[in-house]
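A quick write-up on the structure given underneath.
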Amino acid sequence: MEIQSVKGTRDFYPEDMAKRNFIADLWKRVSLRNGFAEYDGPIFEYLAMYQLKSGDEIASQLFAFEDRGGRMLAIRPEITPTLARMVNQRINTLPRPIKWFSIPRLCRAERPQKGRLREFFQWNIDIIGVDDCLADAEVIFCSVDYLMQTGLTSDDVVVRISSRRLMAALLEYFGIEEQQLEKVYGVLDKKNKVPQETFEKMLEEVISDSSKRQKVQKLMAVESLGQLEDFTGADENANQAIEELKQLFNYLDIMGITEFCRFDIGIVRGLAYYTGIVFEIYDKSEQLRAICGGGRYDNLLADFGGQKISATGMGMGDCVLGIVLEEKGLFKNLSQKNGIEYFVALADESLQNELLKVVARLRRAGRKADFSYKGGSLGKQLKQASAVNAAMCVILGEEFTQKKQLVIKNMDSGQQDIVAVEDFFSRLG
RNA sequence: GUGGGAGUAGCUCAGCUGGUUAGAGCAUCAGAUUGUGGAUCUGAGGGUCGCGGGUUCGAAUCCCGUCUCUCACCCCA
């Protein structure tokens, strides 16, 4: 019986692995240069940890199992609860601010579709212990810094930013009851995702009072921060939230990424735990789900049994990002980058042992070196060198036998140099 | 979990309303070619036509089920 791969999983052949590594290596490099330190946790945790803050729907999308000791466990669908647990355990000794990142492999038992699989990688960055929206600005900056590094520009992607705090204040100011807020958020989050008519109908279902509904509709038509002032009146909370957004955009401007960023009142985020600034980054073609999303979650650590400490962060999965980079042709020269540096070839079979010595020396000197197992004509060996994207070929022939010289061939230009063996290796350093 | 579309070689696909031994291009391997590669030419290997059942003298082709992929919905940490 032929065994097939499991639904929603991927096999990474070397060419796929090269793309995955391109994505993940850059995640790591950008995190480090933005001052984040790497952490990781176990790939499974107690099931209860994920049920704590999630509804039944989300709990049903976990890969859960019972171990031999009767413990109910689940493969991690996200790493934030693990982060909360780890930070809470050492909260009194960790120097602040806590700036951590991780690149966990996650599993969710959802139905796969475009940009969403059952197993994927997700870059997470979090800043814990900073109230100031400068931390939110840094999270956004770091995300944009990454996307720019991949070659994407403000013509390709946009950061849409809003504030849960603002929405909460205004909805309360409009007279919407607190217990209705979650439902209303759920609808508002759809604003950019469904047709205008559908949006209005959905709104009607959660806000029956027509004068309140009208206020909300008018609010959702707002397109810039400036227009917000008309709505707030003297409401202190709302005005503070607007001030915070203005400060955030000021930071983003100073850091030079303002062209990527836009205020968008339709960004609410599905999750209940967001408390302040929220944002999502989209591909401008609008055909895909969000590339990444994040925001402030000031209550989460307390919800997981710790002190109340402010936190903000974001997550970026590899699926949508991979589609975007592929579409924009940004996986360039990966086979070249991963190719062999020196392919060592024989023009004389009696030099087999000398060839192995050269290969071994190259490898010990830290160079990517390889050779042909089966040998054959020099032509065949050069052909193999091309197949593995070798940058240079080192040829051992009569020059070696007579004068201990190597032929060094540049596979790109075809140019050849003859150098003495010891000169060659001393130049390598 | 609900609904639409699709499964023929590693990949992209052809295969007429059911009728010999299921094809092509690309890729792979070998040879032309034992002192110079990417090209070209020649040849070879590779398929239980996703799987199971049904209809039929006969099924890649028609029907049912199932699995997988894919798109949308739910949800989206």
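Protein chains get the first letters and strands the later ones, always in sequence-line order, with residue 1 at the start of each. Computed from a predicted model, the values in this text were never measured in an experiment.
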Can you check the distance between [N] and [M], where both ends of the measurement are the [atom1] atom (answer in whole Å)?
N: B/A27; M: B/G10; atom1: C1'; value: 7 Å
N: B/G54; M: B/A30; atom1: P; value: 45 Å
N: B/A60; M: B/G50; atom1: P; value: 10 Å
N: B/A59; M: B/C51; atom1: P; value: 15 Å
N: B/G23; M: B/G45; atom1: C1'; value: 16 Å
N: B/C49; M: B/A9; atom1: C1'; value: 10 Å
N: B/A14; M: B/U8; atom1: P; value: 10 Å

Residue-phosphate contact under 4.0 Å: [X] side-chain N/O, [N] OP1/OP2:
X: A/Gln61; N: B/C75; value: no
X: A/Lys193; N: B/C76; value: no
X: A/Lys374; N: B/A30; value: yes
X: A/Arg269; N: B/A77; value: yes

To the nearest angstrom, the CG-P distance between A/Leu62 and B/C76 comes to 13 Å

Closest nucleotide among [options] to the [X] side chain:
X: A/Arg289; options: B/C76, B/U36, B/G38; answer: B/C76
X: A/Pro112; options: B/U70, B/C74, B/G35; answer: B/U70
X: A/Lys409; options: B/C75, B/A77, B/U36; answer: B/U36
X: A/Ser377; options: B/U34, B/C76, B/G35; answer: B/U34
X: A/Lys114; options: B/C71, B/A32, B/U36; answer: B/C71
X: A/Ser386; options: B/U34, B/U36, B/G37; answer: B/G37
X: A/Arg108; options: B/U34, B/U36, B/A77; answer: B/A77

- Message: On RNA chain B, compare the nucleotides closest to A/Arg111 and A/Pro77; which residue's is nearer the 5' end?
- Response: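 The 5'-side residue here is A/Arg111.
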
5'-most contact on RNA chain B (nearest-nucleotide basis), A/Gly379 vs A/Ala109, goes to A/Gly379

**Message:** Quick check: closest heavy atoms across A/Ser162 and A/Asp264, and the distance to 0.1 Å?
**Reply:**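 Looking at all heavy atoms of both residues, the closest pair is CB-O, 3.2 Å.
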
| field | Smallest separation among heavy atoms of A/Tyr282 and A/Ile267, with atom names | value |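 Answer, listing the atom of A/Tyr282 first, then A/Ile267: CE1-CD1, 4.2 Å.
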
Test of ring centre spacing under 6.0 Å for A/Trp27 and A/Phe121: no

Can the ring centres of A/Tyr46 and A/Phe44 be said to be less than 6.0 Å apart?
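Judged by ring-centre distance (under 6.0 Å), A/Tyr46 and A/Phe44 do not meet the cut-off.
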
Check your understanding: Is the number of heavy atoms from other residues, nucleotides or ligands under 6.0 Å of A/Gln247 CD greater than 12?
Key ->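 Enclosed: over 12 neighbouring heavy atoms sit under 6.0 Å from CD of A/Gln247.
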
When both distances are under 3.5 Å in a Watson-Crick or G-U wobble arrangement, the nucleotide paired with B/A44 is B/U28

| query | With distance as the sole criterion, do the side chain of A/Lys7 and the base of B/U68 form a donor-acceptor contact below 3.5 Å? | reply | no

